[in-house]
Amino acid sequence: AIMYKVYACLLGQWTELTEDYQIGHNNQFFSPYNWAKDGYIKNAHDFIENSFYDMPIVEIIHKNKKYFLSPVHIQITIEE
């Protein structure tokens, strides 16, 4: 099984976005795993191209706090 892990630089600290985080844009939020798996990774050769890097801002919600950040502050790892 392929595992997707999403990391974000939140307030200067790289953090793994576990399932208690939600990530999205324009009121469409997903678990980090589903966001990476279904929403934004097309395939290994077209990695995230024409997708979330085109967004001006990505929103992350965690424990009643909302973060607004540039997509350059997000990293995704894929483990097979």
Side-chain angles (χ1 to χ4, degrees):
I2 297 176
M3 288 296 301
Y4 298 93
K5 292 187 178 180
V6 180
Y7 300 84
C9 187
L10 302 178
L11 304 178
Q13 180 173 346
W14 283 98
T15 304
E16 181 179 354
L17 303 185
T18 53
E19 291 303 305
D20 56 337
Y21 286 82
Q22 293 285 300
I23 184 169
H25 182 67
N26 285 341
N27 294 319
Q28 290 189 333
F29 289 88
F30 307 92
S31 74
Y33 177 84
N34 287 334
W35 182 82
K37 175 181 172 285
D38 297 328
Y40 297 95
I41 294 178
K42 306 288 189 263
N43 60 57
H45 300 291
D46 190 27
F47 185 70
I48 311 176
E49 191 172 336
N50 299 322
S51 58
F52 83 93
Y53 280 113
D54 292 333
M55 293 183 201
I57 293 293
V58 174
E59 299 171 41
I60 295 171
I61 299 173
H62 184 245
K63 296 183 178 176
N64 299 323
K65 188 180 286 187
K66 186 179 277 192
Y67 301 87
F68 297 85
L69 59 156
S70 166
V72 300
H73 292 113
I74 294 178
Q75 295 181 2
I76 297 170
T77 62
I78 303 172
E79 299 174 17
E80 297 188 30

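What you see is a predicted model; the values in this text were computed from it and never measured.
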> Which heavy atom of Ala36 sits nearest a heavy atom of Val6, and at what distance?
Replying inline: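 Reported closest heavy-atom pair: CB-CG2, 3.7 Å.
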>> Run the side-chain hydrogen bond (donor to acceptor under 3.5 Å, both in side chains) test against Gln22 and tell me which residues pass, sequence neighbours left out.
In response: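 By the side-chain hydrogen bond (donor to acceptor under 3.5 Å, both in side chains) rule, Gln22 matches no residue at all.
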Under 3.5 Å, which donor-acceptor pairs do the side chains of residues 63-72 form with other protein atoms, sequence neighbours left out?
unit_1, atom_1, unit_2, atom_2, d
Lys66, NZ, Glu59, OE1, 3.4
Ser70, OG, Val72, N, 3.3

> Cluster question for you: counting only ILVMFWY and a side-chain heavy-atom cut-off of under 4.5 Å, with indirect links fine, are Tyr21 and Phe30 together?
Replying inline: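 They do share one cluster, since a chain of ILVMFWY contacts under 4.5 Å joins Tyr21 to Phe30.
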> Can you pull the side-chain hydrogen bond (donor to acceptor under 3.5 Å, both in side chains) pairs that have at least one residue in residues 6-18, sequence neighbours excluded?
Replying inline: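 Residue pairs passing side-chain hydrogen bond (donor to acceptor under 3.5 Å, both in side chains), neighbours aside: Thr18-Asp20.
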>> Please report the interatomic distance CD1(Ile2) to OH(Tyr33), rounded to the nearest 0.5 Å.
In response: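 The OH atom of Tyr33 is 8.0 Å from CD1 of Ile2, to the nearest 0.5 Å.
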> For Ile60 and Trp35, what are the C-alpha separation, side-chain angles and deciding distance, and is it a side-chain contact (heavy atoms from CB on, under 4.5 Å)?
Replying inline: CA-CA 11 Å; Ile60 295 171; Trp35 182 82; over 6 Å; no
> Is the backbone of Leu10 close enough, under 3.5 Å, to the side chain of His73 for a donor and an acceptor to pair up by distance?
Replying inline: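 No, His73 side chain to Leu10 backbone: no donor-acceptor pair under 3.5 Å.
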>> Between Ile74 and Leu17, is the side-chain contact (heavy atoms from CB on, under 4.5 Å) condition met? List the steps.
In response: CA-CA 10 Å; Ile74 294 178; Leu17 303 185; 6.0 Å; no
